[in-house]
Amino acid sequence: MSASSSQALEYLELLPRQTHTKLYEQPSTVLAIFRCMLPHLAKSIVMAMLYMTGPFPSGDLDAWFKPDGKKDKEKALSVLEQLHIILGKQDSQRHISYELYKGFAHSLRQALTGGGTHRSFGVPSSQLDSNKVSVTFLDEYARKQWENILFYMVGSTVGLTGSNMVGQDIGEGTKALLRAGDFVKVAHGRVSITRTGFTFVLQETNAQVWSLLIVYLKHAPQLGMSETDVLSFLFMLGSLELGQDYTTSTLSPTQLQMLEDLSAFGIVYRASKTSQTFYPTRLAVTLTSDSGALSSDSLSSSLAPSSRSTPKGFIIIETNYRLYAYTSSLLQIAVLSLFTKLTTRFPNLVSGKLTKESITRAVKLGISSSQILSYLTSHAHPQMQKNQPFLPPTVMDQIRLWEYEGERVETTNGFLMKEFATESEYRDLVSYAESLGVLVWRNDAKRLMFVDRIEQISLYLGKRKNRGD
Amino acid sequence: MVKAVRGTLVKCDASVKAMLVDIDDKNGHEFIIDELDEEHIIVKETKVAELKQRLQNMMKERLKEPESSDSE
């Protein structure tokens, strides 16, 4: 499971059961969820149970795990239960047994072994397209559209708009979406980037696409679209083949409406708005895979697969905080200027300096030192990559110190659990929260704990109450 | 019975905590829900941004920054 799909997973987990049941009618959706949303252990459990005829007693499941694997097992099971993939049942003797939801199991079997006339993996166009477009063209299109969106967010903040045409031609719909997702805010007719927006820009492309699509999903009902339709279409896109044209005739009205928005993002390409076919771009086909979409450096150079396997770095930092970046891409320059004091620009090079002022300005805007460092590290010039670590340690430390001066507190939203009746009750819940990975802080002496998510904790408490202890 | 209280966990060092408590005292205790230990307090979720802002102001007043040498 990659970092990018984890936010999609978080969104999926919060959907109600009805939505899940509806989603699982499509084999492509089920396969996509299975392939890239589930942790590996959960996959093994699902695979093992897929062709079982009856319920699977939890005692037997426990026998598969070493005692020290309990934490991982709990985690995998809780994901599966949240997604309504498996169902834990209690019989009269209070033995718990697990079962896969019928719909999910059926669709997954169909996806794995083929068969059925569900057509959920897209229908290739039967007519030969006279002006068929090439993969290179699609990559170029996707890159241009996506870079425009990024540049709209970054460029306007650092005041580079107007100097160039890029960033101007993104649609009103996209702009509204960026505002709705709190990626940018508009004050006095001027667009400026927000904290969320920063995180967004510095993510890898695949994660960016998901972040934007999740905002899109959340606003789908307002646009009169059904969330399930939108989701299953996205999962279908993930299973399409690059360079192939697909017919629009099997799509629902919602999905047709979506095509228009998605082509504005560069996720699909259509020759015209009335075209009978559409092409998925690389942004679409990598939605549900772990391999990176357009890695951010290839975004600005070329999208050829060869360049993605060996990412080209372009940033050199010296121990005196001077920074040289071999780039002519406005987007990269704009991103750099968010936290660097850039002084000179040559045709293929910009140079500047990391200063206390420039870093604290970035911190004030919501960018964190670790984000800056990870950006610099992942784009370090090959010459820098010969050192270990890539960046000069003095510079790394100083950036962190500068941030720390501005940010003296660390905050986490969530819930404080208190007033535990007994020590064992406290210990039990602490270990459960720890195994879920939601425990942020604990104090054994005062029997207090702080968790950042509570849904599963309260479920667990409810269950424990029912058991009567 | 266990109780869950919604809020924001603020982690900071002891000196900053003292300042936060001071701000809370002077503003009719409208920020802090509970003090957990030397380095952790629980703050009302809606008030975090304002509290941070006040802390910044207070630090600016109290701490003198050395002039940063910004020569090229």
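A note on names: the letters A, B, ... follow the listed sequences, proteins ahead of strands, and every chain is numbered from 1.
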**OP:** Among Thr8(B), Leu55(B), Ile33(B), single out the residue with the greatest number of heavy-atom pairs under 4.5 Å to chain A.
**Re:**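 Most heavy-atom pairs under 4.5 Å with chain A: Thr8(B).
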Subject >> Check against side chain to side chain contact (heavy atoms under 4.5 Å, CB included), Thr411(A) and Lys52(B) >> reply: CA-CA 10 Å; Thr411(A) 59; Lys52(B) 270 191 186 170; 4.0 Å; yes
Original post:
More than 12 foreign heavy atoms under 6.0 Å from OH of Tyr326(A): is that the case here?
Top reply: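 It does not: Tyr326(A) OH has 12 such atoms or fewer within range.
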Does any heavy atom of chain A fall under 4.5 Å from the side chain of [X], the backbone, both, or neither of them?
X: Val48(B); answer: side chain
X: Leu20(B); answer: side chain
X: Leu9(B); answer: both

Do you know which two heavy atoms are closest between [X] and [Y], and how far apart they sit?
X: Val2(B); Y: Phe420(A); value: CG2-CD2, 3.7 Å
X: Ala4(B); Y: Met417(A); value: CB-SD, 3.8 Å
X: Asp13(B); Y: Tyr404(A); value: OD2-OH, 3.0 Å

Original post:
Top residue by heavy-atom pair count (under 4.5 Å) with chain B, among Tyr321(A), Tyr426(A), Phe415(A)?
Top reply: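 Of the candidates given, the most pairs with chain B belong to Phe415(A).
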How many angstroms lie between atom [atom1] of [X] and atom [atom2] of [Y], to the nearest 0.5 angstrom?
X: Glu410(A); Y: His40(B); atom1: CD; atom2: NE2; result: 8.0 Å
X: Lys3(B); Y: Lys418(A); atom1: NZ; atom2: NZ; result: 6.0 Å
X: Ile42(B); Y: Leu448(A); atom1: CD1; atom2: CG; result: 8.5 Å
X: Thr412(A); Y: Lys11(B); atom1: OG1; atom2: NZ; result: 9.5 Å

Original post:
Given a strict heavy-atom distance threshold of 4.5 Å, which part of Ile454(A) is in contact with chain B: side chain, backbone, both, or neither?
Top reply: side chain
Original post:
Would Phe450(A) and Val5(B) count as a side chain to side chain contact (heavy atoms under 4.5 Å, CB included) if you check the C-alpha gap in whole Å, the side-chain angles of each, and the deciding distance to 0.1 Å?
Top reply: CA-CA 9 Å; Phe450(A) 191 85; Val5(B) 184; over 6 Å; no
Original post:
Taking Lys446(A) for the side chain and Leu36(B) for the main chain, is one N or O donor matched with an acceptor at less than 3.5 Å?
Top reply: yes
